[in-house]
Protein chains: 2
Amino acid sequence: MIESTSPSPRWSETWLNRLLEVAPLSDAAQDAVRRAPQLFRQFSAREHVVRDGVRDPGMRVMLSGLACRYKHLPDGRRQITAFIIPGDVCDFGFISDSPVSQDIISLAPSTIGIVDLDRLATIVELYPEIMTAILRCAAIEQSATQELLVSLGGRNALHRVGHLLCEMHHRLDRAGLVRAGGVFELPLTQSEMGEALGLSTVHVNRTIQMLRRLGLAIWRDRIVTLPDPESLARLCAFDPSYLKAQRD
Amino acid sequence: MIESTSPSPRWSETWLNRLLEVAPLSDAAQDAVRRAPQLFRQFSAREHVVRDGVRDPGMRVMLSGLACRYKHLPDGRRQITAFIIPGDVCDFGFISDSPVSQDIISLAPSTIGIVDLDRLATIVELYPEIMTAILRCAAIEQSATQELLVSLGGRNALHRVGHLLCEMHHRLDRAGLVRAGGVFELPLTQSEMGEALGLSTVHVNRTIQMLRRLGLAIWRDRIVTLPDPESLARLCAFDPSYLKAQRD
DNA sequence: CGCGGGTTTGAGACGTGTCAACGCGTGTGG
DNA sequence: CCACACGCGTTGACACGTCTCAAACCCGCG
């Protein structure tokens, strides 16, 4: 892990853009958001970003890369509860001053911005709209967890995998990380996808081949291509409204 | 649904006690909490408390009875995402002014207290500790959702059912709703339990019989008895720390 | 008395897990 | 530069947990 205090300008924008998606911010507030993170940590793939139970105050914002949150099962397996993409807050425990009860691990080289809590407090005192935006992000994250719950409780393997691909496509697209033709990077292992979806590695593999045979998704060398996102969404009953702060 | 403005004194206490579990409150704040709900709704079993998409402002607090939140699956099935017991906030959408994206339905005759949002705002302005307490409740709820996710992703039927019984036992116990000998009311249908755990009714039934044969849980006529909660907790790897606001 | 919702039981189908082996690419150390 | 180990993806055979369908049962209630 490398620490630095000099941000790349792109970083502050991804975080700002996320907030602007969920709530309007005055120019002054936008500027405050840009300047909020003062410490930046770069992780290589599969490094612990947060360790369960370690209380290390500060709001952590994902700025580039990919990470996931997970819980341990007694027998050593893991259940991934969320994937964290650029613009996401890593965990919302700081809102209620509760410790995180989960590990967070990077899945690709990633950088995380850290906002000191005192600093955050003075900022949101000045610009309460920022707190509103953050709380809306928290609500969306809760909503995404519940949608994953729906997947595990009610969808078969094909729909689970397809739905997750739709979700990642949708979220990455909004973050400007999807190239033309529905192509995006997904630096996941099939086994990690299984840990999120409650499927064995082997079955994830077969399911992906099925999607490929159906012409709905190609996943090779960490690159996913969705030639026809609408069809896939229809197949998996993917409705992105759960990722929005506001009903339209 | 019957509406009234005259609370039973017991109601305000269950809500207050919940908040006191997660954060200390001054006497004045406690009083404000007691007087916060001004409208009370009584529902009979299986009535809609909240309808998906219906924006009906106000914080809703469960005061007696049992309810659940759920999402629809495209084929008409439901995925229950949370059980709501006395003291719980029905949904935390009001925090970020996002509409609920879920239905809430009563499972037993229930009463719900409604706190007007303007009124809530002035109260928490006066006593910010109350907002802290509410946010901690929200964090716990998120934590419970994730634990359910772990169940669906990584536990077999026996452990899912056992774990849920442990959780209900633990939560109801803290609300003072467990009688001696580990006896408590659980006015659930086996099919509803299946909807929460991603299991068919038939399999829930067989699983319960298995728990009965093991001498770990008896469930008859909406009454659950856990003769040996510790053994059951050990079997299912139930660790109640996820239901606490603070790590000890 | 009959009806309906919930529970219980049985038999068989099917989705998914497990185990084991192999291929392939990459990095590493001799 | 080769040999090797290692991680990841892939394939096959088989076991097993859970689902589905169908029927019977129980009990409270109209």
Side-chain angles (χ1 to χ4, degrees), chain A residues 44-47 66 73 75-79 105-109 151-165 185-213 217-225 236, chain B residues 44-47 66 68 73 75-80 105-109 151-164 185-213 217-224 236:
Chain A
S44 44
R46 270 144 267 260
E47 252 189 291
L66 181 69
L73 284 152
D75 59 3
R77 286 176 304 154
R78 305 181 301 178
Q79 174 64 44
I105 202 172
S106 62
L107 297 169
S151 268
L152 299 206
R155 293 197 248 257
N156 62 20
L158 188 69
H159 290 185
R160 282 185 219 184
V161 172
H163 194 276
L164 181 56
L165 291 179
E185 250 183 86
L186 195 66
L188 276 185
T189 266
Q190 296 188 353
S191 142
E192 282 156 349
M193 173 162 285
E195 287 175 332
L197 297 179
L199 298 170
S200 68
T201 312
V202 174
H203 205 64
V204 169
N205 183 296
R206 290 196 232 267
T207 306
I208 292 196
Q209 292 175 53
M210 174 64 75
L211 283 170
R212 190 179 317 161
R213 251 176 281 127
I218 301 134
W219 182 11
R220 264 187 60 87
D221 299 330
R222 355 226 86 177
I223 305 285
V224 172
T225 308
C236 308
Chain B
S44 44
R46 268 146 269 259
E47 252 189 291
L66 181 70
C68 70
L73 283 152
D75 60 2
R77 286 176 303 154
R78 305 180 301 177
Q79 175 65 44
I80 292 178
I105 202 174
S106 62
L107 296 169
S151 267
L152 299 208
R155 294 196 248 257
N156 63 20
L158 188 68
H159 290 186
R160 282 184 219 183
V161 173
H163 195 276
L164 181 56
E185 249 182 88
L186 196 66
L188 276 185
T189 265
Q190 295 187 353
S191 141
E192 283 156 348
M193 174 162 284
E195 287 176 331
L197 297 177
L199 297 170
S200 67
T201 312
V202 174
H203 205 62
V204 168
N205 183 293
R206 290 196 232 269
T207 307
I208 292 195
Q209 293 177 52
M210 174 65 75
L211 283 170
R212 191 179 315 162
R213 251 176 279 125
I218 301 134
W219 183 11
R220 265 188 59 86
D221 298 331
R222 356 225 84 177
I223 305 285
V224 172
C236 307

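First the proteins, then the strands, lettered A, B, ... as listed; each starts at 1. Remember, predicted model here, so these are calculated numbers, not experimental data.
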Heavy atoms of A:Pro187 and A:Leu66 approach each other most closely as CD-CD2, 3.7 Å
A:Met210 CE to C:dT16 P, in whole Å, measures 10 Å
Atom CG of A:Leu73 and atom P of C:dG17 are separated, to the nearest Å, by 14 Å
Rounded to whole Å, CG of A:Leu152 lies from C1' of C:dT16 at a distance of 14 Å
- Message: Below the 4.0 Å mark, does D:dT10 have OP1 or OP2 next to a side-chain nitrogen or oxygen of A:Asn205?
- Response: yes
Between CZ of B:Arg46 and C1' of C:dG5 the distance, given in whole Å, is 10 Å
side-chain contact (heavy atoms from CB on, under 4.5 Å) filter on B:His203, not counting sequence neighbours, yields B:Ala157, B:Leu199, B:Ser200, B:Thr207
Salt bridge (Lys or Arg N to Asp or Glu O under 4.0 Å) filter on A:Glu185, not counting sequence neighbours, yields none
For nucleotides 16-30 of chain D, 5' to 3', base contacts (B), sugar-phosphate-only contacts (S) and non-contacts (-) with protein non-hydrogen atoms under 4.0 Å give --BSBB---------
A:Ile208 CD1 to D:dT10 P, in whole Å, measures 8 Å
note: A:Leu188, atom CG; D:dC8, atom C1'; distance rounded to Å ~ 13 Å
Short side-chain N/O contact from B:Gln209 to OP1 or OP2 of C:dT7, under 4.0 Å
no
Hits for side chain to side chain donor-acceptor pair (under 3.5 Å) against B:Arg222, two or more places apart or cross-chain, chain-then-number order -> none
note: A:Leu211, atom CG; D:dT10, atom P; distance rounded to Å ~ 13 Å
When rounded to whole Å, the CD to C1' distance for the pair B:Gln190 and C:dG6 reads 8 Å
By side chain to side chain donor-acceptor pair (under 3.5 Å), B:Arg212 pairs with (sequence neighbours left out) none
Across all chains, not counting sequence neighbours, the side-chain contact (heavy atoms from CB on, under 4.5 Å) partners of B:Gln209 are B:Asn205, B:Arg213
